[in-house]
Amino acid sequence: QVQLVESGGGLVRVGGSLRLSCAASGRTFSSYAMGWFRQAPGKEREFVARITRISWSGGSTDYADSVKGRFTISRDNAKNTVYLQMNSLKPEDTAVYYCNAGGVGRLSGIYWGQGTQVTVSS
């Protein structure tokens, strides 16, 4: 079992940056692919970014087209933490961001954090 706790959300102006963190409990963090998803008001939850296990493919990454080139996902297995660096933020990035563990491809796994709100003001 994995428990996930996100932090780092907040209010930022257009063009600004935020870094989200997701701290995971448990000794098996390094064995999970980790992902970030987001859900805007009135919309379905959507894939944002993913990073594989380091042992699987060297921690390869994948991004939704809407964030490619602006967001960077990374992980620190020693700290059981995954990060999402978000730059050049846009109003359409406003959403609750969720950390996820155990997914396959762009599909989510069964472990979710509680979410952290990101609001981008124009």
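Treat the numbers as computed from the prediction; the structure is a model and nothing was measured.
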> Do the side chain of Ser60 and the main chain of Thr52 share a donor and acceptor less than 3.5 angstrom apart?
Replying inline: no

> Same cluster for Val14 and Val67 if Ile/Leu/Val/Met/Phe/Trp/Tyr side chains link at under 4.5 Å?
Replying inline: yes

>> With ring pair (Phe, Tyr, Trp, His ring centres under 6.0 Å) as the rule and sequence neighbours excluded, what pairs involving residues 100-122 come up?
In response: Tyr32-Tyr111, Phe37-Trp112

>> Rounded to the nearest 0.5 Å, what separates atom CG in Leu84 from atom CZ in Arg75?
In response: 14.0 Å

> Taking only residues two or more places apart in sequence, or in another chain, which ones meet Lys68 in a side-chain hydrogen bond (donor to acceptor under 3.5 Å, both in side chains)?
Replying inline: Asp65

> When rounded to the nearest 0.5 angstrom, what is the spacing between OG1 in Thr72 and CZ in Arg19?
Replying inline: 11.5 Å

> Out of curiosity, does Phe29 fall in the hydrophobic cluster containing Ile110 (side-chain heavy atoms, cut-off under 4.5 Å, transitive links)?
Replying inline: yes

Under 3.5 Å, which donor-acceptor pairs do the side chains of residues 40-50 form with other protein atoms, sequence neighbours left out?
residue : atom : partner : partner atom : Å
Glu46   : OE2  : Arg38   : NE           : 2.7
Glu46   : OE2  : Arg38   : NH2          : 3.3
Arg50   : NE   : Gly105  : O            : 2.8

> Residues two or more places apart in sequence or in another chain: which of them pass ring-ring contact (aromatic ring centres under 6.0 Å, His included) with Phe71?
Replying inline: none

> Nearest heavy-atom pair of Ala33 and Gly103: which atoms, and what distance?
Replying inline: CB-O, 3.9 Å

>> Could you work out, with salt bridge (charged side-chain N to carboxylate O under 4.0 Å, His left out) as the rule, every residue matching Asp62, not counting sequence neighbours?
In response: Arg106

> Tell me, which pairs form a salt bridge (charged side-chain N to carboxylate O under 4.0 Å, His left out) where one or both residues lie in residues 108-121, sequence neighbours left out?
Replying inline: none

>> Can you pull out every disulfide (SG to SG under 2.5 Å) where at least one residue sits in residues 72-122? Sequence neighbours excluded, please.
In response: Cys22-Cys99

>> Any side-chain to backbone donor/acceptor pair from Glu6 onto Gln114? Under 3.5 Å, distance only.
In response: yes

> Hey, mind stepping through Tyr63 and Ile73 against side-chain contact (heavy atoms from CB on, under 4.5 Å) and telling me if it holds?
Replying inline: CA-CA 9 Å; Tyr63 298 92; Ile73 188 171; 3.4 Å; yes

> Which pairs pass side chain to side chain donor-acceptor pair (under 3.5 Å) with one or both residues in residues 82-91, sequence neighbours excluded?
Replying inline: Ser17-Asn87, Gln85-Asn87

>> Are Leu4 and Tyr98 linked, directly or through intermediate hydrophobic residues, by side-chain heavy-atom contacts shorter than 4.5 Å (ILVMFWY only)?
In response: no

> Got a second to check how far Ser30's OG is from Arg53's CZ, nearest 0.5 Å?
Replying inline: 9.0 Å

> Where do Trp36 and Val82 come nearest, in terms of heavy atoms and distance?
Replying inline: CZ2-O, 3.9 Å

> Which atom names give the shortest non-hydrogen contact between Val2 and Ala24, and what distance separates them?
Replying inline: CG1-CB, 4.1 Å

Donor-acceptor pairs under 3.5 angstrom involving side-chain atoms of residues 115-122: please list them, not counting sequence neighbours.
residue : atom : partner : partner atom : Å
Thr116  : OG1  : Gly9    : N            : 3.2
Gln117  : NE2  : Ala95   : O            : 3.4
Gln117  : NE2  : Thr119  : OG1          : 3.3

>> Checking Arg70 now: which residues fulfil salt bridge (charged side-chain N to carboxylate O under 4.0 Å, His left out) with it, not counting sequence neighbours?
In response: Asp93

